[in-house]
Each structure stands twice: as structure tokens, then as C-alpha cells.
Amino acid sequence: SSFSSARRSEAISPSFCAKKNKNTPSSALFPALMHNLWQWVPKKWNGPFQYENTSDKTLMMLPTDLCLIEDPDFKKVALEYSKDEDVFMKDFSAAWDKLQNNGFTC
């Protein structure tokens, strides 16, 4: 891909989905973003705006998640991640390693 590793790491969303364990990184967010239509749904609470998938209303995304498919550069990376989890995991691992080696702790 023609994207720099810095640009790729920006596309790794903090609200990524998990397949089996909610603490396990997964690229499941990206197919969900790419293969659903999203509609803003007003909520009766003080939390962030949310979007629901229009087909069965079982998924929720934040505006920051949808930026990954609205921005043309991010959309290219999101599409690649939606098709190839190995690419996502390689980039995620590199970004996580960079955070850990520069003083970030959970």
C-alpha cells in the first residue's frame, strides 16, 4: 500500500470491535463500517451522538468511527483492513509497540 505507517496508525480506531474477547484487538470494525448503511439516531442521554446500522439496528458507531469511511484517505486504509485482518494486526502491533516504547501505559 502507498500509505505511510504514520497515516495507517491514525486509522486504527480506539473503538475497535472484538471477535471473542472484548479486550482482544480485531479488524471487525472495518467490515462493519464498510458493509452497513449508518443513520444518526437521537439518544435521550448526555453521551456522544451515535449512529445505528439501518438494516437491523444492532450495531452502533460514533461519529469518529464514521470519519474512517468519510475521509477518502482513511477510507482506503479502512477498506484494506476490512479485507485483510493480517494487515490490520501488523499495523496495530506496530502502533501498540510504538506507544509502549514511548511511555504510554494502560
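Reckoned from all heavy atoms, side chains included, excluding hydrogens, waters and symmetry mates. If you're wondering where the values come from, they're calculated on a predicted model, not measured in any experiment.
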Undergrad: Nearest 0.5 Å, what's the CG-CE distance between Leu68 and Met61?
TA: 9.5 Å

Undergrad: Who pairs with Asp56 by side chain to side chain contact (heavy atoms under 4.5 Å, CB included), at least two apart in sequence or on another chain?
TA: Asn53, Thr58

Undergrad: Minimum heavy-atom separation for Tyr81 to Val87, with atom names?
TA: CE2-CG1, 3.9 Å

Undergrad: Cluster question for you: counting only ILVMFWY and a side-chain heavy-atom cut-off of under 4.5 Å, with indirect links fine, are Leu59 and Val41 together?
TA: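 Looking at the clustering, Val41 is in a separate group from Leu59.
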
Undergrad: Of all residues at least two apart in sequence or in a different chain, which pass the side chain to side chain contact (heavy atoms under 4.5 Å, CB included) check with Met34?
TA: Ile69, Lys75, Ala78, Leu79, Ser82

Undergrad: Within the 4.5 Å heavy-atom criterion, are Met89 and Ser27 side-chain neighbours or not?
TA: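 Not touching, per the 4.5 Å side-chain cut-off.
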
Undergrad: Looking at residues at least two apart in the chain, or sitting in another chain, which of them share a side chain to side chain contact (heavy atoms under 4.5 Å, CB included) with Gln50?
TA: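 In terms of side chain to side chain contact (heavy atoms under 4.5 Å, CB included), with neighbours along the sequence ignored, Gln50 is linked to Lys43, Trp45, Met60, Leu62.
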
Undergrad: Anything under 30° is parallel, anything over 60° is perpendicular, the rest tilted; go ahead and classify Phe88 against Phe30.
TA: tilted

Undergrad: Under the rule for side-chain hydrogen bond (donor to acceptor under 3.5 Å, both in side chains), what residues qualify as partners of Asp97, not counting sequence neighbours?
TA: Asn101

Undergrad: Test your reading of the model: is there a side-chain donor-acceptor pair from Asn36 to the backbone of Ala32, 3.5 Å cut-off?
TA: yes

Undergrad: List in chain and number order the residues that pass side chain to side chain contact (heavy atoms under 4.5 Å, CB included) with Lys57, two or more places apart in sequence or in another chain; answer none if no residue qualifies.
TA: Gln39, Glu52

Undergrad: Could you tell me the separation between the CG atom of Leu66 and the CG atom of Asp71, rounded to the nearest 0.5 Å?
TA: 12.5 Å

Undergrad: Counting C-beta onward and ignoring hydrogens, is there a side-chain heavy-atom pair between Asp65 and Tyr51 closer than 4.5 Å?
TA: no

